[in-house]
Amino acid sequence: MLDKAYDPKAVEDRIYEMWETSGAFKPESYDPNGEPFTISMPPPNATGQLHLGHAVMLALEDIFIRFARMQGKKALWVPGTDHAAIATENVVIKQLKDGGMKDPRKELGREKLIAKIAEFVEGSKNTIRGQVRKMGSSCDWSRERYTFEPALNRCVNEVFCRMKNDGLIYRGHRIVNWDPKLQTTVSDDEIEYKEEKGVFYTFKYGPFEIGTSRPETKFGDKYVVMHPKDKRYSKFKHGETFDAEWINGSVRATVIKDECIDMEFGTGVMTITPWHDKIDFEIAERHGLEKEQVIGFDGKLLEIGGEFAGMKIEEARPLIVEKLKSKGLLVKSDENYMHNKAVSQRGGGAIEPQIKLQWFIDVNKEVVPWEVKGGRGGKKGKEMMSLKQIMHSVVHHGEIEIIPDRFSKTYFHWIDNLRDWCISRQIWWGHRVPVWYKGEETIASAESPGEGFEQDPDTLDTWFSSAMWTWSTLVDTKLAADNSLSLEDILKSSPDFQTFHPTSVMETGYDILFFWVARMILMTTYATGQIPFKTVYLHGLIRTRDGAKMSKSHPETMIDPLDMISKYGADALRLSMIVGQSPGADSRLYEEKIAGYRNFINKLWNASRFVLMQCEQAGIDPKSIDKLPETAKLSLADRAILHALEILIEDVTKGLETYALSETGEKLYSFTWDTFCDWYLELSKGTANHAVLVHVLRRLLILLHPYCPFITEELWSQVSSTQDGMLIAKAWPKVKEDRKDQQAFADFQILIDVITAIRKLRTDQNVEPGTEISITLVSKKYCEGLESQEAHIRRLGKVVSLTITTDSVKLANAASAFLTDIEIHLSLEGLFDPAKLKASLEKEQAELTKYVQVLGGKLQNKNFVDRAPKELVDGEKAKLAEAEEKLVKIKERLAAI
RNA sequence: GGGCAAUUAGCUCAGCUGGUUAGAGCGCCACAUUGACAUUGUGGAGGUCACAAGUUCGAAUCUUGUAUUGCCCACCA
């Protein structure tokens, strides 16, 4: 017999191990002819801990994959981890520094540092693996991958070289976002803007006045730019020069006219610093101007700063202003200037734009053959497109569906503004740029082309390799190790790639739509000619109860999924994150919510326990039950619950197919608790139909399994039929139309009304415990249910024998409307408390009067009667008549008191 | 500056394409409870659906505007 309360700790690890060792996560264990269904797990960073974001992702994907598996599909979920270039390198460097090392990069050198990081990652991966298992994730561990393993490195090198040969990868001097703290470039998307109050200075510059919030960059400024149509400055000609007194003496400046200048802002004139500003850089490029570096990569001023050289920006700024002021060049300063400061998302340090020689992916070059679904402009067949165009096309033409749809708009907007992607990073941990130099020669190749060649020291942006994740994880590792094969050959002969790609659904947070999802589309369409996935399901952020972001800097706001699992169980945690969370929207999580679902899990446990006890008492082995009795032998309640069950199967199947997880979860919750436990099990306390009990419970366990796999699997082992195997591999039920019985279900609800009325009578009229009440029921149909109810009533109120009352309006209503074949006689003489009865009748009267008024008014509205659908009007009329009739009866009864 | 969303009970949220007297969970109040379950049961209180105008026989739902909040993108020297 089961324990009184469900103990997840005693169950979860054991069940998980049983699944894993049995091969239940492997698609090979199922019908080889099943339709393939694939999910690539977004690889958690190999830096450490599982957080709630991962937990949500794992729960959602596990539901998708379990449902697909039970539907008979060949379901594959590929797990893995990400080497997370910058993030990981930072963590290890910090650890080494904490351990007393001053500059780990210098002291260890490239090879040794990489070895240290690799060692750290190995340990960390194990932690993550264990935590992913704790969530119940049914992924195929035999196919686990890592973004930095040899096979994936091979893919990276192959794609890089191909892109380079196609002219899609180029090297050039561009303004990049330089992070002086981390000593590397970061991409546009890795920058955050923080609003900050600063000072806006206006200086005299020759005959002009110029504004700036960054005087420290102004040393090398020797161009003044203004709008060609600005009348204030029409006397100055483009290209004319003048001398101006400036920070460190006089400079020769040139006038430039450019349309990008906003005449409204400041004085309408600015000087430019092409080395340290994207816009200035573009102006300089347009007019072929000189560019000069002012700030070094260490964030300190260079030689050009004269007396300020070697100083940090923050130190130098006030001194520079002071100097300009003493020279009489400071016109004014506005202390309340709000501006946005660029900050590195990872390192938190200020971003300094710099010109650097970097590798880029060209997103506008139209050299990739691609066939637009449905034909672009009526054309069929492949045509040359740019990466940007392909990314747009596959979503625009519905080859890839984004859920929720509104993110498609955001996606298009992002694509429209997409610039070339800077892919080189100045760190050591990551895929090294496969380019070799020897004098003037530059060769793209994975291996050294020969003597005297040196490899580019940079590594690739971590998203470059994760962008290949859906397919690089399906590549056969042995084939990938064979250097005589081309990437195309490898893909062609990799069975997993052939079977499981494109993947079915990509589930991830909306915050990495651009970082990752968009880049997977870019990289995969280019490299494989296939889309990476058919559906993108985006989940929202989990926030605190107050709607704040959970952040590491405020540990008290963090909910640790592993804590919650050990406290409430993985099933409860999963439900609490899924129900109430709609795609693309943030949701809030707090402990009470998780506890609520723990209660639900326990309720399910006890309901099963009850079923087992009933069987035991009747001497029936639940495992031997394998079919339902004939319909003729079923009671009304049986037929009603079977009907409700079929409807539930229909709803849940449809809900899971359309990714409506929250709604479906709620339906399962309410069926389990309200319908199964509170109605059917209560009724079963008198006369139980064991076959039906077991049948409904089994079905319910199947339907609940994707949501809460552990408890359902555990209970399944108790109630499943002997020929059934594990629940994880059980076939999803099909809806049986002949089990639907709408009439029985409606009648059953009346029965519930009757029960409610009895209970109400007991409280309202204060029936003493032990009082004998007589009842006459004529319909056999309803007697069945009521007899069994007697036990329950006894337990509740110690009423010796059962009574039904027409005092209840609800019951009178029900009786007159549906119970045409029964008569209910009541005798409750001497049992009423007249005052209480009066009060309850009056209350009912008031409610009804209000109802009648509303309804009456509506029906007197000519427009409503004329224009609303006829059935609706008739329905309303009938209801009004019914309500009025009831009112009359209540009046009579009140008069009688 | 551009875009996207949200605003419904004390709290967290449902309410799909307009149609009964607007729902659930938690919390609160009352009562009950020794045979599945106190991780429980029954009942109750609590809402001019942010505001305004419009469309309609009928609006939480559609339109427009306003306010507040959140997010994304761009960024001004």
Side-chain angles (χ1 to χ4, degrees), chain A residues 2 4-6 188-189 193 200 210-214 217-218 221 225 260-262 264-273 277-280 283 339-340 342 404 406-407 409-410 413-414 416-417 510-511 513-514 540-541 543 545-547 568 572 579-582 584-590 592-593 595-614 617 660 662-663 666 669-670 673-674 677-678 681-682 684-685 756 759-760 762-764 792 795-797 847-848 850-855 858 861-869 872-873 875-876 879:
Chain A
L2 302 174
K4 237 180 159 175
Y6 172 60
D188 289 348
D189 302 296
Y193 291 92
F200 188 74
I210 55 142
T212 183
S213 60
R214 301 202 57 189
T217 64
K218 295 288 161 196
D221 290 11
V225 192
C260 76
I261 298 295
D262 177 3
E264 306 291 315
F265 189 86
T267 56
V269 184
M270 69 174 189
T271 62
I272 56 167
T273 315
D277 187 283
K278 208 181 278 176
I279 304 282
D280 294 3
I283 296 173
H339 68 124
N340 284 326
R406 68 189 142 87
F407 278 98
K409 274 188 201 166
T410 328
H413 186 253
W414 181 80
D416 293 343
N417 293 309
Y510 65 76
D511 52 329
L513 176 62
F514 306 138
L541 248 61
R543 294 169 172 278
R545 192 193 190 100
D546 311 315
Y568 303 105
V579 180
Q581 154 100 284
S582 56
D586 294 353
S587 63
R588 303 173 184 205
L589 188 69
Y590 37 88
E592 296 96 300
K593 199 167 162 185
Y597 286 100
R598 185 264 325 264
N599 295 358
F600 169 73
I601 294 291
N602 193 57
K603 186 79 180 171
L604 178 66
W605 179 262
N606 273 293
S608 311
R609 208 171 89 134
F610 173 77
V611 172
L612 291 171
M613 284 169 86
Q614 291 288 316
Q617 275 165 25
S662 173
E663 206 186 324
E666 266 179 74
Y669 181 100
S670 120
W673 206 310
D674 305 337
C677 294
D678 291 349
L681 291 192
E682 289 301 336
S684 298
K685 281 175 180 166
T756 310
R759 285 184 184 153
K760 211 169 150 62
R762 245 183 36 72
T763 29
D764 285 359
H792 185 60
R795 187 164 74 84
L796 287 177
E847 276 171 12
L848 266 174
K850 192 179 152 206
Y851 182 47
V852 166
Q853 272 169 5
V854 172
L855 216 49
K858 197 169 172 183
N861 184 333
K862 250 194 134 191
N863 285 319
F864 172 69
V865 178
D866 292 349
R867 299 200 200 175
L872 183 69
V873 178
E876 301 287 71
K879 280 173 204 158

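Since the structure is predicted, the reported quantities are computational estimates derived from the model, not experimental observations. Numbered from 1 within each chain, the chains take letters A, B, ... in sequence-line order.
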Measuring from the side chain of [X] (C-beta onward, heavy atoms only), which nucleotide among [options] has the closest atom?
{"X": "A:L855", "options": "B:G70, B:C37, B:U21", "answer": "B:U21"}
{"X": "A:W673", "options": "B:U12, B:U42, B:U40", "answer": "B:U40"}
{"X": "A:L872", "options": "B:G19, B:C73, B:U21", "answer": "B:G19"}

Atom-to-atom span, [atom1] of [X] to [atom2] of [N] - whole angstrom:
{"X": "A:D416", "N": "B:C4", "atom1": "CG", "atom2": "C1'", "value": "15 Å"}
{"X": "A:R588", "N": "B:C13", "atom1": "CZ", "atom2": "P", "value": "5 Å"}
{"X": "A:Y597", "N": "B:C26", "atom1": "OH", "atom2": "P", "value": "10 Å"}
{"X": "A:I601", "N": "B:U40", "atom1": "CD1", "atom2": "P", "value": "13 Å"}
{"X": "A:L2", "N": "B:C37", "atom1": "CG", "atom2": "P", "value": "12 Å"}

Need one value for [X]: base, sugar-phosphate or nothing, where a base atom within 4.0 Å counts as base even if backbone is also close, heavy atoms only.
{"X": "A:N861", "value": "sugar-phosphate"}
{"X": "A:R406", "value": "sugar-phosphate"}
{"X": "A:K879", "value": "base"}
{"X": "A:S213", "value": "sugar-phosphate"}
{"X": "A:F200", "value": "sugar-phosphate"}
{"X": "A:K862", "value": "nothing"}
{"X": "A:R545", "value": "sugar-phosphate"}
{"X": "A:I279", "value": "sugar-phosphate"}

So, taking the atom named [atom1] in [X] and the one named [atom2] in [Y], what distance separates them when rounded to the nearest 0.5 Å?
{"X": "A:L541", "Y": "A:R588", "atom1": "CG", "atom2": "CZ", "answer": "12.0 Å"}
{"X": "A:T273", "Y": "A:D221", "atom1": "OG1", "atom2": "CG", "answer": "3.5 Å"}
{"X": "A:K409", "Y": "A:R406", "atom1": "NZ", "atom2": "CZ", "answer": "10.0 Å"}

Considering heavy-atom distances to RNA chain B, does A:P869 or A:D586 have its closest nucleotide positioned more toward the 5' end? A:D586
Between A:D277 and A:A5, whichever has its closest RNA chain B nucleotide further toward 5' is A:A5
Axial cation check for A:Y568 ring with A:R598, 6.0 Å and 45° limits: no
Indicate yes or no: at least one non-hydrogen side-chain atom of A:Y6 is less than 4.5 angstrom from one of A:N606. no
Look at A:W414 and B:G3 and indicate whether a side-chain polar atom (N or O) is within less than 4.0 Å of OP1 or OP2. no
Please check the phosphate of B:U40 (OP1 and OP2 only) for any side-chain N or O of A:N599 closer than 4.0 Å. yes
On a plain distance test, is the side chain of A:K603 in donor-acceptor contact with the base of B:C37 below 3.5 Å? yes
Could you tell me how far [M] sits from [N] if I compare only their [atom1] atoms? Round to whole Å.
{"N": "B:A9", "M": "B:C13", "atom1": "C1'", "value": "11 Å"}
{"N": "B:G23", "M": "B:A60", "atom1": "P", "value": "13 Å"}
{"N": "B:A53", "M": "B:A14", "atom1": "P", "value": "28 Å"}
{"N": "B:U20", "M": "B:G58", "atom1": "C1'", "value": "13 Å"}
{"N": "B:A67", "M": "B:A24", "atom1": "C1'", "value": "29 Å"}
{"N": "B:C51", "M": "B:C11", "atom1": "P", "value": "16 Å"}
{"N": "B:C62", "M": "B:U68", "atom1": "P", "value": "23 Å"}
{"N": "B:G15", "M": "B:U8", "atom1": "P", "value": "14 Å"}

